[in-house]
Every structure is written in structure tokens, then in C-alpha cells.
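Notes for the one structure printed next.
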Number of protein chains: 2
Amino acid sequence: MEFEARLRDRTAWSIGDHCSAAKTLELLSTKTAFLVVRECFYGTSRFDDFVTRIEAAAPTIARALKQLESAGVLARTPYREPGARPRDEYRLTEAGEDLLPVFLALVQWGDKHLQDGRPPLTFTRGGDGKQVGVTVTTTDTEPVTSQDIEIRRGGRRTT
Amino acid sequence: MEFEARLRDRTAWSIGDHCSAAKTLELLSTKTAFLVVRECFYGTSRFDDFVTRIEAAAPTIARALKQLESAGVLARTPYREPGARPRDEYRLTEAGEDLLPVFLALVQWGDKHLQDGRPPLTFTRGGDGKQVGVTVTTTDTEPVTSQDIEIRRGGRRTT
DNA sequence: CCGTATCCACAACGATACTG
DNA sequence: CAGTATCGTTGTGGATACGG
């Protein structure tokens, strides 16, 4: 925690909700919404599957689904299997897919601190089976710890 | 989204809350709790600063603080500046510091999708001023996208 | 300055019941 | 199977007022 030493003029930016994290939380802050996103990452796309897999009540899921849809994280698209009646499916948009680091970071923390023993799930890359996780790095990928991060106002992001 | 093809036996693990992400959310799910963690990353450590910077009511902060303390994310340690009366300060524990990727991932997503124009804050490494962010990678750091991730049950984590 | 106690408002979730 | 409507309960946050 060396942040503090480098921070001047706190009042201006931490206050109010210019903060991106706060805004993001506003969208996902309902636990159910987040679990829906998780399920999407797992491949769930049908209403009833969300209900049974998240173990939540139908209205709860419906609410979360709408919330995420209007946030642009999820899209409801109609489709019809040949011979079946038309249905809707819920898929992550590109913006939704971008939540992967958030999801993995959460999982990773839980694995380390909340789970006794081994993590229930492991994420590996299809190609070579290597474990994947999130890392804090510079764009040219040497790991960075919280101690040597400094915060600036404004500036452009390359990502 | 190729996850689906590789998932068998959904029922067993997605259901219930073995899920680390769900457990983690349980801890942080109150928005205030998360904002407190954010403030800690920014160097905030005194009760009143949390109140004014998060713009929340004192009881709300007190609740979040206790919650985080009992979760082992935050520690309240008494200290006394010479000549002043003793006070408590709130600092992240090691487990708390480990939340950095979660925090940065959230910020990063918000910057990209919620903020119009440039991000309000930029995170750079002290040493060389390079921008830092979270990346999904294998342990030997080639970026990995959501398309080529596969999920396994069990297994050991090296982190 | 650092909190706590109380009370109130609203938002989130679950249960139940009902439509296409 | 895929939802919606309604209602009661709880959890989260704000306001106010009070004590170390």
C-alpha cells in the first residue's frame, strides 16, 4: 500500500461516482445478475436453465435478465430449431464477454481464500491445457504488485 | 463462447454454492463493502474518510467495515500518533490486497464500457510509468481469450 | 473526531399463482 | 418450457440523534 503517498487532491475524483468500479458495480451489484453472467460463461442460454442452475426464483432471474439486457451485457435473440417452436436464447454481447477478467478474478480470489483445499473448478486453455488466470501486468506483461502501482487522473487507455 | 461444448455433467458443480465466484460475491456483494475496499486501495484508512469519500452514512460504513473485518479482508489496528489520542485504522490484510485484480478488472470494464471518453483514473507502475491492467493469461503470460478456455473440475492451483 | 443505536425507506429475493 | 403478476420478508442504506 504505497498508493497513499502518491495521492493528492483526493476530494476531486474519489468522491461521487466518476469511479468506473462503482459504475460497474451498479450494473452487477445484484448478486443474481452476476450469477447469470457466470452461467453465460458456462454456456447456459435458456431461461429455465438459469433458474435451476442458479437456484433462484423465476421472477428473480427474469429481473436480472432484463437488467443485463438493458445494460447491453446480454442479448436476447430468438431462434428456432428445425421442427421446434421458436424460442429465445440469452447470450453475452461483446461487452458481456469482456467481463471475463472480472469473473475470473472473483473465482481466483474465492479459490485462494474461501475454499478449503482445492478449487472446485479449474480453467485451462484448450490448446495446451495450461492453467489460465488473471494477472495484473503492464501491457508488456511483467507481473505488477499493488505496491508499485500509482494512480493518475485522466489519460488514454490502450486496451 | 465455446465453453458449452466442453461441459458435461452441469448439474453437479454449477448448482449450489461450491462456486468460488458466488462465495466471493457473498462477501463483497454489498456495494458499500466493495467501495470500502476500493478506498483502502486508494489509501483511505480512517473512519471519517470512508464516510466522506464514499458519500455514505456512518452506520452503513460501520456495517461494511465490520463485515469486511470479520471476513478477514480488513484489519482494524489501533495506533497512536505521538501527542494524539489513540485511534484505529483500517487496513487491508493480505487477503484484502489480493482483491486487487478484482478491483482493477471492474475498473477496466467500466472504463471501456461505461465511461464516455477517457477513463477518470489511470493506473501505472511506479518504476517506469507503464500502464497496468488485468489480463487473462496462462502462468507463462500469453494472453488468452474467452474462446479458448476450458473448464475442469478439481485440480490444484499453483497461484 | 470516531463511532453506535434506532428507526425508516426502498430494493432484492422467494413463494405462489397464473398465462401462452 | 418460458415467462409475468402479486405479495410478504429480508437486507441494505439513509437520517437522526446520541456517547467515547
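FYI, side chains are in, hydrogens and waters are out, and symmetry mates aren't considered; it's all heavy atoms of this structure.
- As rounded to whole Å, 16 Å separates atom C1' of C/dC13 from atom CG of B/Leu25.
- Between B/Asp49 atom CG and C/dC2 atom P the separation is 7 Å, expressed in whole Å.
- When each of D/dT4, C/dT4, D/dG14 is scored by its nearest atom to the side-chain atoms of B/Ala58, the top-ranked nucleotide is C/dT4.
- The shortest distance between side-chain heavy atoms of B/Lys23 and A/Gln115 falls below 4.5 Å.
- With D/dT16, D/dG3, C/dG14 as the candidates, the nucleotide lying closest to the side chain of B/Pro59 is D/dT16.
- In this structure D/dT9 sits in a base pair with C/dA12, meeting the Watson-Crick or G-U test at under 3.5 Å.
- Rounded to an integer number of Å, the gap from A/Ile61 CD1 to D/dT4 C1' is 15 Å.
- Considering only side-chain atoms of B/Tyr90, the nucleotide from D/dG13, D/dG14, C/dG3 that sits closest is C/dG3.
- Here the P atom of nucleotide C/dC13 and the CD1 atom of A/Ile54 are 10 Å apart, to the nearest Å.
- Atom-to-atom, CG of B/Leu35 to P of D/dG14 comes out at 10 Å; the value is rounded to the nearest Å.
- Mapping B/Phe47 and B/Arg63 onto DNA chain C by nearest heavy atom places B/Phe47 closer to the 5' end of the strand.
- In this structure, A/Lys31 atom NZ and D/dT10 atom P are separated by 16 Å, rounded to whole Å.
- Classification of the B/Phe47-B/Tyr90 ring pair by plane angle, with boundaries at 30° and 60°, yields tilted.
- A close approach under 4.0 Å does occur between a side-chain nitrogen or oxygen of B/Thr60 and OP1 or OP2 of D/dG14.
- Rounded to the nearest 0.5 Å, atoms CG (B/Asp98) and NE2 (A/His113) are 3.5 Å apart.
- A close approach under 4.0 Å does not occur between any side-chain nitrogen or oxygen of B/Lys66 and OP1 or OP2 of C/dG3.
- The phosphate of C/dA12 has neither OP1 nor OP2 within less than 4.0 Å of any side-chain N or O from A/Thr32.
- Out of C/dC1, D/dG14, C/dG3, the shortest distance to the side chain of B/Ala57 is found at D/dG14.
- Proximity of B/Arg46 to the phosphate of C/dC1: no side-chain N or O atom is located under 4.0 Å from OP1 or OP2.
- Put simply, B/Thr30 has no side-chain N or O that comes within less than 4.0 Å of OP1 or OP2 on D/dT12.
- Applying the side-chain contact (heavy atoms from CB on, under 4.5 Å) test between A/Cys40 and each of A/Val73, A/Leu35, A/Leu74 identifies A/Leu74 as the sole match.
- Side chain of A/Thr60 to main chain of A/Ala56: no donor-acceptor pair is present (N/O by atom type, distance under 3.5 Å, no hydrogens or angles).
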